[in-house]
Engineer: 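One structure coming up, written as structure tokens, with questions to follow.
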Amino acid sequence: MSAKLIKGTVIREEILAELRAETEELKQKYGRVPGLVTILVGENPASVSYVTLKIKTAKRLGYNEIQDSQSPDITEDALLRLIEKYNHDDDINGILVQLPLPDHIDEKKVLNKIDPDKDVDGFHPVNVGRLMIGGDEVKFPPCTPAAIQEMIVRAGVETKGAEVVVVGRSNIVGKPIANMMMQKGEGANATVTVVHTGTKNLAEHCLRADILIVAAGVPGLVKPEWIKKGACVIDVGVNRVGEKISEKTGKKIAVLSGDVDFEPACERAGFITPVPGGVGPMTITMLMKNTMKSFKYSLGLL
Ligand code: GUN
């Protein structure tokens, strides 16, 4: 293997250490810490495990965290009222409603109810607009794209003038990361192409990429021969391709695979993110970073 691995697990610890130190410093100075509420409706096992991890991470940093678990039968009105309550709670800087929501609740209405200045997921249309404008307007970049950009920067990969090809056009990853990479500024200033299921000659586009960001949700979609020699490959895919027994716990766990055919890709790429252990561990870290940012706005420090 020749590609250098960009390990999310390692970068995560660096950023969390920075945030922990900052939390302590601000606590000494202002007697307050960042506050995050995570609202979970129902008991979807994947959502429960995500939320548990978010709360655990917030606790590790010394944040004030609330896990607000609600019955799957909660009415849309009651959920909107709950969000309104947290919108007005000065101890809460970040509000996150875990998705997906039950079918009887309109997701769009719920996301739009969150105060854009507490929307640490960056999903509110106001924050999507701020991201599009770029520069100082940006308050909360969505967590997965922010993680991707942070990893590229910390790996020391040059983005200015680079050809970036994004595979996938989702609202959560493809569209925002394409937008972020084309903005002026550090970790950006690139020439961006977005390819998707309607694109002809996918391979041809990928081969031009100095930085190839793949968020398609299709295991092994990107073949090694589509990768330009020395390119930086960011694999956002987290696909369950089987099950195995964990050596650590003896319990059944999912076998995960990315959107890139990893082993052979390592022979061509200059940098690559593994799956698992790449972008995945970084997304919650960026949520913590956004919560800190929101806290600093509330203190008038930003
Ligand atoms: N469900 C899966 N990923 C996410 C996320 O990043 N934010 C929220 N709110 N829900 C999710």
Side-chain angles (χ1 to χ4, degrees), residues 1-11 131 141-183 185-239 241 256-283 286:
M1 186 179 97
S2 58
K4 193 164 181 280
L5 287 186
I6 308 177
K7 291 186 182 168
T9 44
V10 173
I11 302 175
L131 192 80
C143 300
T144 304
I148 294 168
Q149 194 175 38
E150 187 86 31
M151 293 172 89
I152 293 170
V153 169
R154 291 200 184 220
V157 174
E158 178 61 87
T159 57
K160 188 177 171 202
E163 289 281 344
V164 171
V165 175
V166 178
V167 183
R169 55 179 157 182
S170 69
N171 287 334
I172 291 181
V173 187
K175 284 182 199 165
I177 191 61
N179 179 40
M180 287 160 77
M181 296 306 292
M182 74 172 185
Q183 300 283 353
E186 199 208 356
N189 231 342
T191 303
V192 180
T193 305
V194 180
V195 299
H196 45 75
T197 46
T199 301
K200 290 180 198 158
N201 305 326
L202 204 55
E204 214 171 272
H205 287 288
C206 290
L207 253 174
R208 278 193 298 105
D210 302 311
I211 300 172
L212 181 61
I213 300 169
V214 193
V218 181
L221 173 74
V222 170
K223 310 292 175 235
E225 61 272 21
W226 297 9
I227 297 169
K228 180 168 156 180
K229 285 224 164 112
C232 172
V233 178
I234 307 290
D235 189 351
V236 189
V238 182
N239 306 294
V241 291
L256 300 178
S257 160
D259 289 351
V260 179
D261 204 352
F262 182 73
E263 295 293 342
C266 289
E267 301 302 328
R268 287 178 68 97
F271 294 86
I272 193 165
T273 58
V275 178
V279 177
M282 283 287 293
T283 56
M286 302 320 284

Engineer: So, using side chain to side chain donor-acceptor pair (under 3.5 Å) as the criterion, who are the partners of Arg268 when residues are at least two apart?
Structural biologist: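 Not a single residue meets the side chain to side chain donor-acceptor pair (under 3.5 Å) criterion with Arg268.
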Engineer: Is there a side-chain contact (heavy atoms from CB on, under 4.5 Å) between Ile227 and Val222? Walk through the geometry before answering.
Structural biologist: CA-CA 8 Å; Ile227 297 169; Val222 170; 4.2 Å; yes
Engineer: Restricting to side-chain contact (heavy atoms from CB on, under 4.5 Å), what partner residues turn up for Cys232, sequence neighbours left out?
Structural biologist: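 Partners of Cys232 by the side-chain contact (heavy atoms from CB on, under 4.5 Å) criterion, ordered by chain and then number, come out as Ile6, Val157, Ile211, Ile234, Phe271.
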Engineer: Say you draw a straight line from CE of Met151 to CD1 of Ile11; how long is it, rounded to the nearest 0.5 Å?
Structural biologist: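 One finds 4.5 Å between CE of Met151 and CD1 of Ile11.
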Engineer: For the residue pair Phe262 and Val275, establish whether any side-chain heavy-atom pair is separated by less than 4.5 Å.
Structural biologist: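 They are not in side-chain contact.
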Engineer: Quick one, Ile272 and Asp235 - any side-chain contact, counting heavy atoms below 4.5 Å?
Structural biologist: no
Engineer: Donor-acceptor pair, Thr9 side chain versus Gly278 backbone, under 3.5 Å?
Structural biologist: no
Engineer: Hey, does Met181 have a side-chain heavy atom less than 4.5 Å from the side chain of Ile152?
Structural biologist: yes
Engineer: Please identify each residue that fulfils side-chain contact (heavy atoms from CB on, under 4.5 Å) with Ala188, with sequence neighbours left out.
Structural biologist: Gln149
Engineer: Would you please name every residue forming a salt bridge (Lys or Arg N to Asp or Glu O under 4.0 Å) with Arg154, sequence neighbours left out?
Structural biologist: Glu14, Glu18, Glu150
Engineer: Could you walk me through whether Asp259 and Val167 satisfy the side-chain contact (heavy atoms from CB on, under 4.5 Å) test, starting with their C-alpha distance in whole Å, then the side-chain angles of each, then the deciding distance to 0.1 Å, before giving a yes or no?
Structural biologist: CA-CA 10 Å; Asp259 289 351; Val167 183; over 6 Å; no
Engineer: So does Val173 get a backbone contact from the side chain of Ser170, meaning a donor-acceptor N/O pair under 3.5 Å?
Structural biologist: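 Looks like yes, one N/O pair under 3.5 Å.
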Engineer: Kindly state each residue pair satisfying salt bridge (charged side-chain N to carboxylate O under 4.0 Å, His left out) with at least one member in residues 155-165, sequence neighbours excluded.
Structural biologist: Glu163-Arg208
Engineer: Below 4.5 Å, heavy atoms only, C-beta onward: do Glu267 and Pro224 meet side chain to side chain?
Structural biologist: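 With C-beta onward as the side chain, the pair stays apart.
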Engineer: Could you report the tightest heavy-atom contact between Leu202 and Trp226, atom names first, then the distance?
Structural biologist: CD2-CZ3, 3.8 Å
Engineer: Going by salt bridge (charged side-chain N to carboxylate O under 4.0 Å, His left out), name the pairs with one or both residues in residues 216-230, residues two or more places apart or in two chains.
Structural biologist: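 Residue pairs passing salt bridge (charged side-chain N to carboxylate O under 4.0 Å, His left out), neighbours aside: Asp210-Lys228.
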Engineer: Can you list the residues that meet the side-chain contact (heavy atoms from CB on, under 4.5 Å) rule with Val238, with sequence neighbours excluded?
Structural biologist: Leu256
Engineer: Do Val164 and Met182 have side chains that get closer than 4.5 Å, going by heavy atoms?
Structural biologist: no
Engineer: Just wondering, do Thr273 and Val233 contact through their side chains at under 4.5 Å, heavy atoms?
Structural biologist: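 No, too far: nothing below the 4.5 Å cut-off.
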Engineer: Name all residues meeting the side-chain contact (heavy atoms from CB on, under 4.5 Å) criterion together with Pro176; count only those two or more places apart in sequence or in a different chain, and write none if there are none.
Structural biologist: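 With sequence neighbours excluded, Pro176 shows a side-chain contact (heavy atoms from CB on, under 4.5 Å) to Leu131, Pro142, Pro145, given in chain and number order.
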Engineer: Report the residues that fulfil salt bridge (Lys or Arg N to Asp or Glu O under 4.0 Å) with Lys175, sequence neighbours left out, ordered by chain and then residue number.
Structural biologist: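 Expected list: none.
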Engineer: Show the nearest heavy-atom pair for residues His205 and Val165, with the distance to one decimal.
Structural biologist: O-CG2, 3.5 Å
